Number of protein chains: 2
Amino acid sequence: MPVQPVAIPEYLRADRHLVAVDCIIFGYQDEDLQVLLFPREIQPEAGKWSLVGGFVREKESLDLAARRVLDSITGLTSIRMYQVGAYSDPGRDSGARVISVAFAALVPVDRYDRELVREHGARWWPVSHLPSLIFDHRQMTEDALGFLQKLADSELAGRDLLPDRFTLVQIRKLHEAIFRRPLDPGNFRKKVLGMNVLEKTQVKTTAGSKKGAFFYQFRKGK
Amino acid sequence: MPVQPVAIPEYLRADRHLVAVDCIIFGYQDEDLQVLLFPREIQPEAGKWSLVGGFVREKESLDLAARRVLDSITGLTSIRMYQVGAYSDPGRDSGARVISVAFAALVPVDRYDRELVREHGARWWPVSHLPSLIFDHRQMTEDALGFLQKLADSELAGRDLLPDRFTLVQIRKLHEAIFRRPLDPGNFRKKVLGMNVLEKTQVKTTAGSKKGAFFYQFRKGK
DNA sequence: CCAAAAGTGTTCATCCTACACCCATGC
DNA sequence: GCATGGGTGTAGGATGAACACTTTTGG
């Protein structure tokens, strides 16, 4: 355990804590919002389903720790991560007193490193049918979903999750998965375009229909 | 420094951190929202203005730590506290690597323990004219204010801060201080009463006007 | 031609804002 | 009676939900 050079008595006297980050990694597949879960590798509760997490290192911000964890498990970098909140009940982790900060991320299901994920025995679970989770990870996941809904309302979620170009139907389906209810196609379209964060391309796809739908992309500026 | 009995290697190997809470204590005085600040008592940066904070103890949740700090400085208990966020840049505290979680509270300026506060040399500062603050306390304060504005929008802030009975003008002035702009008296009145969290008493006060205004109080249920 | 998805337009209710107006009372 | 702040009513704009309608094209 590396020891930090602290010369100030008040700092020296204070208790030190294990601090972790836990990542709620959301993906989108089969028209459903999914969460990446892991069979826990260490005791206690080894083998039970868990969020991905890791201890925060000596000289590392929480954000960086969350990024490191996400990267180590999916190979993905430069994905936005959102701080959901800190969880600190002294008994929350049955192994030791650990303070954990939850981070949410939306990742593209088609671009992460499947090898890495398989190595860890991870699995995607639909948010509507989660298995039983260790500690307070269930609460974290629910809080993260709430956070995501607020985010989607205010600034359109999914920038990191969707492919570079996508149809309005695709992003609507994603939002339907986030809000867990159907959204009116016409109204959604108007709202989203009114936000002025998407731009239309001249490319059409006939994947979803005979008529074909135009691809859109996020504006560079934002 | 007490040592926690941890038998699990993964837990043992992890770095341990100083974890603190910092409290943004809002009060309302002279028709202005104010923040309680302290001349910092310890090195480094001793004497500079700072939020009230304290290290989190061995077996103590963050919420409890924040309550303890608030109590120790104002004598107030049973005040709602809101988690604003975690601040973790490795260099944020020039004394040592400290992870801090910010909590906001709204306290009644007429009921805290003035002796205690005077003892620490604390002072109320209007949010619009804060002195220079140590570390990232300025950022914390701004974030807390943003949090407060969202809160006031959704559920009417000030339950802990206002006297038991207050006029609609009083709570409007408070919200004007929170949002830092004038609010239409008629519209505010309708919105607030529509929220259905206040009940009218039969008591009038002529303190603010010749006609007199009715006192209201928060409903018990919520 | 028709089914089905993409995309547009219209209506209605709701909410917020601005502002005009009435009420009660001390001076 | 009139100035002052408390309290009510109303008209206009913005937003969002519900839903009808038009467009395109593969089969």
Side-chain angles (χ1 to χ4, degrees), chain A residues 28 30-32 149-158 162-163 165-218, chain B residues 28 30-32 149-158 162-163 165-218:
Chain A
Y28 174 63
D30 306 328
E31 308 219 330
D32 209 352
Q149 293 181 347
K150 276 189 195 169
L151 188 78
D153 252 342
S154 66
E155 67 173 68
L156 209 57
L162 292 167
R165 302 182 161 194
F166 48 87
T167 67
L168 291 181
V169 175
Q170 278 181 280
I171 194 170
R172 191 189 82 228
K173 295 269 184 200
L174 167 62
H175 280 238
E176 288 180 345
I178 291 176
F179 289 105
R180 299 151 85 19
R181 66 186 165 86
L183 301 173
D184 182 279
N187 294 336
F188 181 81
R189 174 177 207 85
K190 274 174 287 186
K191 183 186 167 190
V192 159
L193 293 180
M195 282 179 162
N196 210 37
V197 294
L198 297 186
E199 56 190 17
K200 193 176 185 173
T201 68
Q202 290 316 308
V203 191
K204 258 195 177 185
T205 173
T206 52
S209 75
K210 294 151 187 175
K211 181 180 177 184
F214 281 103
F215 279 124
Y216 285 75
Q217 60 194 16
F218 279 93
Chain B
Y28 174 63
D30 306 328
E31 308 219 332
D32 210 351
Q149 292 181 347
K150 276 190 195 166
L151 187 78
D153 252 342
S154 65
E155 65 172 70
L156 207 57
L162 292 167
R165 304 184 157 192
F166 48 87
T167 67
L168 290 181
V169 174
Q170 278 182 281
I171 195 170
R172 192 190 81 228
K173 295 268 183 200
L174 167 63
H175 280 237
E176 288 180 344
I178 291 175
F179 289 105
R180 296 152 87 21
R181 66 186 165 87
L183 302 173
D184 183 280
N187 296 336
F188 181 80
R189 173 179 209 83
K190 274 175 287 187
K191 183 186 168 191
V192 159
L193 294 180
M195 283 178 161
N196 210 36
V197 292
L198 297 185
E199 56 190 14
K200 194 177 185 173
T201 69
Q202 289 317 308
V203 191
K204 258 195 176 185
T205 170
T206 52
S209 75
K210 293 151 188 172
K211 180 178 177 184
F214 281 103
F215 279 124
Y216 285 75
Q217 60 195 16
F218 279 95

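Just so it is clear, the values below take in all heavy atoms, side chains as well, and ignore hydrogens, waters and symmetry mates. The model shown is predicted, which means the values in this text are computed figures rather than measured ones. Letters A, B, ... are given to chains in the order of the sequence lines, protein chains preceding strands, and every chain is numbered from 1.
Along DNA chain D, the nucleotide nearest to A:Arg181 and the one nearest to B:Pro185 differ in position, and the one closer to the 5' end is contacted by B:Pro185. Between B:Gly186 and A:Tyr216, the residue anchored closer to the 5' end of DNA chain C is A:Tyr216, taking for each the nucleotide with the nearest heavy atom.
Across the protein-nucleic acid pair, A:Leu183 atom CG and D:dC19 atom P stand 15 Å apart, rounded to whole Å. Rounded to an integer number of Å, the gap from A:Lys191 NZ to D:dA18 C1' is 16 Å. At whole-Å resolution of the value, NZ in B:Lys190 and P in C:dT17 are 11 Å apart. Summarising the geometry, the separation between CZ on A:Phe215 and P on C:dG7 is reported as 11 Å, rounded to the nearest angstrom. Atom CZ in A:Arg172 sits roughly 10 Å away from atom P in C:dA5 (whole-Å rounding). Here C:dA5 presents its P atom at 19 Å from CZ of A:Phe214, a figure rounded to the nearest Å. Look at CG on A:Asp184: it is 13 Å from P on C:dA6, rounded to the nearest Å. C:dA6 atom P lies 8 Å from atom NZ of A:Lys173, rounded to whole Å.
The line from OG1 of B:Thr205 to CZ of B:Phe166 is 13.5 Å long, rounded to the nearest 0.5 Å.
In this structure, of D:dG7, C:dT17, D:dG16, it is C:dT17 that holds the atom nearest to the side chain of B:Asn187. When distances run from any side-chain atom of B:Ser209 to the nucleotides C:dG7, D:dG5, D:dA18, the shortest one goes to D:dG5. Closest to the side chain of B:Ala213, from the set D:dG6, C:dG7, D:dG16, is D:dG6.
Counting non-hydrogen atoms under 4.0 angstrom, A:Gly208 reaches the backbone sugars and phosphates but no base.
With A:Asp184 contributing its side chain and A:Gly186 its backbone, the two residues share a donor-acceptor pair below 3.5 Å.
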For A:Gln170 and A:Phe215: C-alpha separation, side-chain torsions, deciding distance, then whether side chain to side chain contact (heavy atoms under 4.5 Å, CB included) applies. CA-CA 10 Å; A:Gln170 278 181 280; A:Phe215 279 124; 4.2 Å; yes
May I have the step-by-step check of side chain to side chain contact (heavy atoms under 4.5 Å, CB included) for B:Glu155 and B:Val197, ending in yes or no? CA-CA 9 Å; B:Glu155 65 172 70; B:Val197 292; over 6 Å; no
For side chain to side chain contact (heavy atoms under 4.5 Å, CB included), just list the numbers for A:Phe218 and A:Glu199, CA-CA rounded to whole Å, side-chain angles, deciding distance to a tenth of an Å, and then say yes or no. CA-CA 6 Å; A:Phe218 279 93; A:Glu199 56 190 17; over 6 Å; no
Start with the C-alpha distance between B:Asp153 and B:Lys150, add both sets of side-chain angles, then the distance that settles side chain to side chain contact (heavy atoms under 4.5 Å, CB included), and finish with yes or no. CA-CA 5 Å; B:Asp153 252 342; B:Lys150 276 190 195 166; 5.7 Å; no
Got a list of protein N/O to nucleotides 25-27 of chain D N/O distances below 3.5 Å?
none

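For C:dT8, one of the phosphate oxygens OP1 or OP2 lies less than 4.0 angstrom from a side-chain nitrogen or oxygen of A:Arg189.
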Pair up each side-chain donor or acceptor in residues 175-182 of chain B with any protein partner under 3.5 Å, not counting sequence neighbours, and list the distances.
residue  : atom : partner  : partner atom : Å
B:His175 : NE2  : B:Ala157 : O            : 3.3
B:Glu176 : OE2  : B:Arg172 : NE           : 3.2
B:Glu176 : OE2  : B:Leu183 : N            : 2.9

